[in-house]
Amino acid sequence: MTILEDRPVRARPEGGTLLEQFEFGLDAPICLTWELTYACNLECAHCLSSSGRRDPRELSTEQCEAVIDELQRMQVFYVNIGGGEPTVRPDFWHLVEYAVAHDVGVKFSTNGVRLTPERAAWLAATDYVDVQISLDGATAEVNDHVRGPGSYDTAIAALRNLHEAGFRDAKLSVVCTRQNIGQLDEFKAIADQYGATLRLTRLRPSGRGADVWDELHPLPEQQRVLYDWLVAHGEGVLTGDSFFHLAPFGEKLPGLNLCGAGRVVCLIDPIGDVYACPFAIHDEFLAGNLLTDGGFQRVWQNSELFAELREPQTGGACSSCQFFDSCRGGCMAAKFFTGLPLDGPDPECVQGFGEQALEGLGDQRRLPASSQDHSRLVPGRNEPVMLQLRRREEIEAGLTSGQAAPPVSACAESPLAGFTPSA
Ligand code: SF4
Ligand code: SF4
């Protein structure tokens with residue numbers, strides 16, 4: 001990681017589309033994720049940050065406050081806080097209050113473990129705070145398969161507590177997997193029941209997700225089911241930048257149709273390392289550290305990595321594809337962590353080129369070694385019990401016989417929300 005002292009700044013185009021402006025990068029990220037801790041009471045099978053144990057170098061309360069002060073100076077209007085399970089930090093609620101008091105709105109992701117009725121009432125009375133509850137199955141069986149025993153009940157209790165306390169418009173956040181694509185209607189019903197908004201996100205092969213991606217990622221036929229469902233029912237469903245690789249199925253879906261890594265998106269991790277994207281926690285995508293490299297603003301605006309990511313990107317093997325304008329080759333993190341080249345097709349390319357590329361690698365396929373792993377060394381109480389997954393042939397048989405797909409499991413809901421390009 002290198003910080004460039006005199007980085008030549010590429011002037012953003014006057015006018016033009018939002019996407020054109022985003023490709024040049026912004027003075028401050030509009031989708032900033034901050035993982036406050038790697039500690040977690042659960043140990044989800046697909047955790048993107050391999051969380052479980054607290055890192056002893058975690059930023060102190062005072063250091064976190066200094067980060068918030070800097071975000072306020074940079075006019076970062078809100079931050080997505082996650083982890084790990086951020087609410088297990090003893091100073092978590094203080095930091096939420098501190099951020100709001102300093103004009104930095106907070107949306108935090110939680111498995112619900114600390115959302116008691118009392119805390120829900122406090123949240124309902126606090127402005128500029130949004131809550132996102134993670135649930136990866138519309139039934140306990142499907143959810144607990146990846147998130148651990150009891151985690152379904154915990155998440156539902158948190159949703160209920162928020163609803164009964166009068167908290168408006170919590171988010172129900174679902175990672176789409178092979179086991180839950182058949183539950184999209186049920187997820188929507190749960191969200192509606194508790195006055196929440198459904199948010200669907202893509203399973204990326206990051207962190208422990210790399211270990212289970214082959215088993216959990218939706219099959220090609222299910223990608224089509226997902227796309228069709230979003231076209232038919234997706235109004236009001238949040239997706240961020242999760243599904244722009246599905247655009248070649250037809251019309252573009254709402255959301256950010258661009259990989260915003262290092263341009264409008266980034267991640268601060270619990271020790272102050274800054275990565276290009278929450279799904280790219282790897283040394284290859286480490287831009288700098290806000291403690292040792294002179295603060296977050298300096299890393300964001302002057303890191304060599306981010307300067308590279310803001311340069312015009314070639315489409316590589318995808319550039320001749322008729323769908324390149326909408327798909328853009330898909331997700332950088334998904335390619336990297338499945339061992340595919342960054343300038344080739346997404347592993348879930350709807351034309352099947354990603355699958356072909358993976359098959360072509362055969363024994364030569366090399367997954368990048370994880371740069372860090374915070375998984376607990378001994379099994380935790382809530383460690384997920386991986387149930388027997390349905391075999392691919394069973395799923396395909398169900399789909400071709402017209403049955404519903406089998407049951408199965410940031411950035412901001414809209415990274416563009418509230419953003420007005422400067423003239
Ligand atoms: S690497 Fe993937 S997840 Fe990260 S910003 Fe790009 S498209 Fe989104
Ligand atoms: S070939 Fe590349 S651009 Fe075309 S659909 Fe596949 S991933 Fe997208």
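In listed order, ligands and their atoms are each counted from 1.
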| Side-chain donor-acceptor pair under 3.5 Å between Tyr128 and Asp103, yes or no? | no
| query | Say you draw a straight line from CG of Asn143 to SG of Cys44; how long is it, rounded to the nearest 0.5 Å? | reply | 8.0 Å
| query | Would Gln223 and Glu348 count as having a side-chain donor-acceptor pair, cut-off 3.5 Å? | reply | yes
| query | What pair of heavy atoms forms the shortest contact from Val100 to Val129, and how long is it? | reply | CG2-CG2, 3.7 Å
| query | Non-hydrogen atoms of Ala280 versus ligand 1: any pair closer than 4.0 Å? | reply | no
| field | Nearest protein heavy atom with distance in Å, relative to atom 6 (Fe) of ligand 2 | value | Cys349 SG, 2.4 Å
| field | Cys327 backbone or side-chain N/O/S under 2.8 Å from atom 8 (Fe) of ligand 2 | value | yes
| message | Would you compute the distance between atom CG of Leu123 and atom CG of Leu115 and round it to the nearest 0.5 angstrom? | response | 6.5 Å
| task | Scan side-chain atoms only and decide if Gln372 and Ser50 contain a donor-acceptor pair under the 3.5 Å cut-off. | result | no
| note | ligand 1 to Arg204, heavy atom cutoff 4.0 Å, flagged ligand atoms 3 (S)
| field | Atoms in ligand 1 with a heavy atom of Cys277 nearer than 4.0 Å | value | 1 (S), 3 (S), 4 (Fe), 5 (S)
| With no hydrogens and no angle check, do the side chains of Asp69 and Tyr98 hold a donor and an acceptor under 3.5 Å apart? | yes
| message | Taking 4.0 angstrom as the limit and counting only heavy atoms of Cys259, give me the atoms of ligand 1 inside it, by number and element. | response | 1 (S), 5 (S), 6 (Fe), 7 (S)
| task | Show which atoms of ligand 1 fall inside a sub-4.0 Å distance from at least one heavy-atom site of Phe279. | result | 3 (S)
| Asp185-Trp229 side chain donor-acceptor pair, cut-off 3.5 Å | yes
| query | Does ligand 2 have an atom under 4.0 Å from some heavy atom of Gly330? | reply | no
| message | Could you tell me, atom by atom, which parts of ligand 1 come under 4.0 Å of a heavy atom of Ala333? | response | 1 (S)
| message | Suppose I only count heavy atoms of Gly260 and a 4.0 Å limit; which atoms of ligand 1 are within that range? | response | 5 (S)
| atom 2 (Fe) of ligand 2 - nearest protein heavy atom and its distance | Cys318 SG, 2.3 Å
| message | If the contact criterion is a heavy-atom separation under 4.0 Å, does Asp346 count as touching ligand 2? | response | yes
| remark: Paired with Thr37, the side chain to side chain donor-acceptor pair (under 3.5 Å) test is passed by just one of Glu85, Glu58, Arg89, namely Glu58
| query | Are Phe336 and ligand 1 in contact, using a heavy-atom cut-off of under 4.0 Å? | reply | no
| message | Counting only heavy atoms closer than 4.0 Å, does ligand 1 sit against the backbone of Arg202, its side chain, both, or neither? | response | neither
| message | For a distance under 2.8 Å, tell me if Cys331 has an N/O/S atom near atom 2 (Fe) of ligand 1. | response | yes
| query | Short list, please: which atoms of ligand 2 are under 4.0 Å from a heavy atom of Gln351? | reply | 1 (S), 4 (Fe), 5 (S)
| field | Option whose closest heavy atom lies nearest to atom 1 (S) of ligand 2, chosen from Phe249, Phe353, Phe324, Phe244 | value | Phe353
| field | Between OG on residue Ser134 and CG on residue Asn111, distance to nearest 0.5 Å | value | 7.0 Å
| request: Check ligand 1 against Asp241 and write out every atom of the ligand that is under 4.0 Å from a heavy-atom position of the residue. | output: 5 (S), 7 (S), 8 (Fe)
| note | For atom 4 (Fe) of ligand 2, the closest protein heavy atom turns out to be Cys321 SG, 2.3 Å
| message | Is it the case that the side chains of Ser375 and Arg208 hold a donor-acceptor pair, with the cut-off being a distance below 3.5 Å and no angle test? | response | yes
| message | Which residue is it: Arg202, Arg328, Arg204? I am looking for the one with a salt bridge (Lys or Arg N to Asp or Glu O under 4.0 Å) to Asp241. | response | Arg204
